[in-house]
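What you are looking at is a predicted structure, and each value in this text was computed from that prediction instead of being measured. Values below: all heavy atoms of this structure, side chains included; hydrogens, waters and symmetry mates excluded.
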Amino acid sequence: MGLFDSELRVIAAAKELVRSLRPDENHTVAAAAMDTVGRIHTGVNVHHFNGGPCAELVAIGTAAAANAGPLVTIAAVGDQGRGLLAPCGRCRQVLLDLHPDALVIAPADTTGEPSIATVPALLPHSYRHPDSAPKRLLRFHARYFDAVTNGTKTLTVRWNEGHRTGPALAYFENTEHGTLPVEVASVMVKRTDELQPEDLDLTRQSGLERYIANVRSHYPNMPAAANVEIVRFRRTAADI
């Protein structure tokens with residue numbers, strides 16, 4: 001996945017905060033997180049021998065104090081020029097339970113650019129706390145806003161996002177469009193090499209091939225024979 005301007009803003013906010021910290025071994029990492037209306041919430045770590053919180057957890061708490069709702073992107077930056085930092089195991093588990101649809105900005109990949117990952121991709125074969133009930137997001141490119149709004153788009157294919165049935169918010173990447181309430185009616189998992197046109201409500205094999213090619217362009221790291229989620233949803237009238 002490439003980075004949108006909104007995600008670059010999150011990185012910039014974390015970098016600005018960590019640069020502002022005075023030398024202090026107890027506060028060495030800054031994090032920033034964006035909510036669905038584009039507000040950025042920040043925090044710094046609190047190092048302590050009894051297990052003080054990471055910067056990501058402080059930023060999550062700051063967002064909660066501001067009634068932010070679901071977070072869409074989060075990043076952490078270390079002091080002394082360490083740059084972007086990947087979240088620790090505890091932070092990954094908290095994100096999975098509270099903000100499973102947030103995209104995590106990680107250290108630079110082999111291209112030298114920051115990489116981005118879904119939370120489920122960071123925790124394969126994960127455990128999810130049975131009492132967690134996060135508000136879910138179904139993310140879309142901005143070009144699909146009208147189709148989701150008028151109900152003509154009711155199906156999407158996802159990889160490594162871990163969607164479930166139930167209420168969710170349709171969130172449109174890098175736009176000023178607000179979220180739309182939707183209901184995820186079904187999630188069917190199928191291998192890409194076993195997909196048939198009818199699985200995606202298509203009439204021709206050529207249409208299926210184009211569809212899969214588009215999915216691969218969105219998920220460049222997706223394996224050749226990946227398990228994808230066919231998510232069927234409908235627009236609802238009430239917010240969640």
Chemist: Taking atom CD1 of I230 and atom CG of L200, what is their separation to the nearest 0.5 Å?
Modeler: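 Between atom CD1 of I230 and atom CG of L200 there are 5.0 Å.
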Chemist: Quick one: side chain to side chain donor-acceptor pair (under 3.5 Å) partners of H27, sequence neighbours excluded?
Modeler: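 Scan of H27 (side chain to side chain donor-acceptor pair (under 3.5 Å), adjacent residues dropped) gives none.
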Chemist: Considering residues at least two apart in sequence or located in another chain, which fulfil the side chain to side chain donor-acceptor pair (under 3.5 Å) criterion with D199?
Modeler: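 Listed in chain order: K190.
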Chemist: With sequence neighbours excluded, what pairs up with D5 under the salt bridge (charged side-chain N to carboxylate O under 4.0 Å, His left out) test?
Modeler: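 Not a single residue meets the salt bridge (charged side-chain N to carboxylate O under 4.0 Å, His left out) criterion with D5.
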Chemist: Going by atom type alone, with no hydrogens or angles, which donor-acceptor pairs under 3.5 Å involve a side-chain atom of residues 148-156 and a protein atom two or more places apart or on another chain?
Modeler:
unit_1	atom_1	unit_2	atom_2	d
T149	OG1	F145	O	2.7
N150	OD1	T152	N	2.9
N150	OD1	T152	OG1	2.7
N150	ND2	D146	O	3.1
T152	OG1	A147	O	3.3
K153	NZ	L155	O	3.0
T156	OG1	R158	NE	2.9
T156	OG1	R158	NH2	3.3

Chemist: Residues two or more places apart in sequence or in another chain: which of them pass salt bridge (charged side-chain N to carboxylate O under 4.0 Å, His left out) with R164?
Modeler: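 None.
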Chemist: Same cluster or not: are M222 and L123 linked, directly or through other Ile, Leu, Val, Met, Phe, Trp or Tyr residues, by side-chain heavy atoms under 4.5 angstrom apart?
Modeler: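 Different hydrophobic clusters.
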Chemist: Roughly how far, to the nearest 0.5 Å, is CZ of R210 from CD of Q205?
Modeler: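 Answer for the CD-CZ pair, Q205 versus R210, is 11.0 Å.
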Chemist: Can you measure from OH (Y219) to OG1 (T118) and round to the nearest 0.5 angstrom?
Modeler: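 Answer rounded to 0.5 Å: 8.0 Å.
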Chemist: Using 0.5 Å steps for rounding, measure from the CG atom of D101 to the OH atom of Y171.
Modeler: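 Nearest 0.5 Å value for the CG-OH distance: 12.0 Å.
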Chemist: Cluster partners of V29, using ILVMFWY side-chain heavy atoms under 4.5 angstrom, listed by chain and number?
Modeler: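 V29 clusters with L85.
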Chemist: Of V215, L202, I212, which is the lone residue that meets side-chain contact (heavy atoms from CB on, under 4.5 Å) with L195?
Modeler: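 For L195, the side-chain contact (heavy atoms from CB on, under 4.5 Å) check succeeds only for I212.
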Chemist: Could you identify which residues cluster with V37, counting Ile, Leu, Val, Met, Phe, Trp and Tyr as linked when any side-chain heavy atoms lie under 4.5 Å apart, either directly or through a chain of such contacts?
Modeler: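 Direct or chained contacts put V37 with none.
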Chemist: Taking the side chain as every heavy atom from C-beta outward, state whether E7 and L103 have any atom pair closer than 4.5 Å.
Modeler: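 Yes. Closest side-chain heavy atoms under 4.5 Å.
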Chemist: Check whether any side-chain heavy atom of H218 lies under 4.5 Å from a side-chain heavy atom of V157, and answer yes or no.
Modeler: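 Not in contact.
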Chemist: Tell me if the CD atom of E176 is crowded by more than 12 foreign heavy atoms within 6.0 Å.
Modeler: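 Not more than 12 within 6.0 Å, no.
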Chemist: If we only count heavy atoms from C-beta on, is the P87 to L122 side-chain gap below 4.5 Å?
Modeler: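 Sidechains of L122 and P87: in contact.
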Chemist: Testing L95, V10, V119 for side-chain contact (heavy atoms from CB on, under 4.5 Å) with I74, which one passes?
Modeler: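 The residue from L95, V10, V119 that satisfies side-chain contact (heavy atoms from CB on, under 4.5 Å) with I74 turns out to be L95.
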Chemist: Please determine whether residues I105 and L98 belong to a single hydrophobic cluster, defined as Ile, Leu, Val, Met, Phe, Trp and Tyr linked transitively by side-chain heavy-atom distances below 4.5 Å.
Modeler: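 No.
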Chemist: Mind listing the closest non-hydrogen atom pair of N227 and W159 along with its distance?
Modeler: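 Taking every non-hydrogen atom into account, O-CD1, 3.3 Å.
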Chemist: Which residues pass the side chain to side chain donor-acceptor pair (under 3.5 Å) test with H99, not counting sequence neighbours?
Modeler: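 H99 satisfies side chain to side chain donor-acceptor pair (under 3.5 Å) with no residue once adjacent residues are dropped.
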Chemist: R235: which residues meet the side chain to side chain donor-acceptor pair (under 3.5 Å) condition with it, sequence neighbours left out?
Modeler: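 By the side chain to side chain donor-acceptor pair (under 3.5 Å) rule, R235 matches no residue at all.
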Chemist: Which residue is it: V187, T165, V182? I am looking for the one with a side-chain contact (heavy atoms from CB on, under 4.5 Å) to F233.
Modeler: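 For F233, the side-chain contact (heavy atoms from CB on, under 4.5 Å) check succeeds only for V182.
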Chemist: List in chain and number order the residues that pass salt bridge (charged side-chain N to carboxylate O under 4.0 Å, His left out) with E229, two or more places apart in sequence or in another chain; answer none if no residue qualifies.
Modeler: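 E229 satisfies salt bridge (charged side-chain N to carboxylate O under 4.0 Å, His left out) with no residue once adjacent residues are dropped.
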Chemist: Output a table of donor-acceptor pairs, distance under 3.5 Å, between side-chain atoms of residues 49-71 and any protein atom two or more places apart or on a different chain; print 'none' if there are none.
Modeler:
unit_1	atom_1	unit_2	atom_2	d
N50	OD1	H48	ND1	2.8
T62	OG1	T42	O	3.2
T62	OG1	V58	O	3.0

Chemist: Between R216 and T192, is any pair of side-chain heavy atoms under 4.5 Å apart?
Modeler: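 A side-chain contact under 4.5 Å exists here.
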Chemist: Would you compute the distance between atom CG of L96 and atom SG of C91 and round it to the nearest 0.5 angstrom?
Modeler: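 One gets 12.5 Å once the value is rounded to the nearest 0.5 Å.
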Chemist: Are V104 and I116 co-members of a hydrophobic cluster defined by side-chain heavy atoms under 4.5 Å apart?
Modeler: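 Unlinked, I116 and V104 end up in two clusters.
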Chemist: Are there more than 12 heavy atoms of other residues, nucleotides or ligands under 6.0 Å from atom CD of E198?
Modeler: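 More than 12 within 6.0 Å, yes.
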Chemist: So do the side chains of P167 and T236 get within less than 4.5 Å of each other, counting heavy atoms only?
Modeler: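 No; the side chains remain at least 4.5 Å from each other.
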Chemist: Can you run down the salt bridge (Lys or Arg N to Asp or Glu O under 4.0 Å) pairs that involve residues 75-95, sequence neighbours left out, and say none if there aren't any?
Modeler: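 Only D79-R82 qualify under salt bridge (Lys or Arg N to Asp or Glu O under 4.0 Å).
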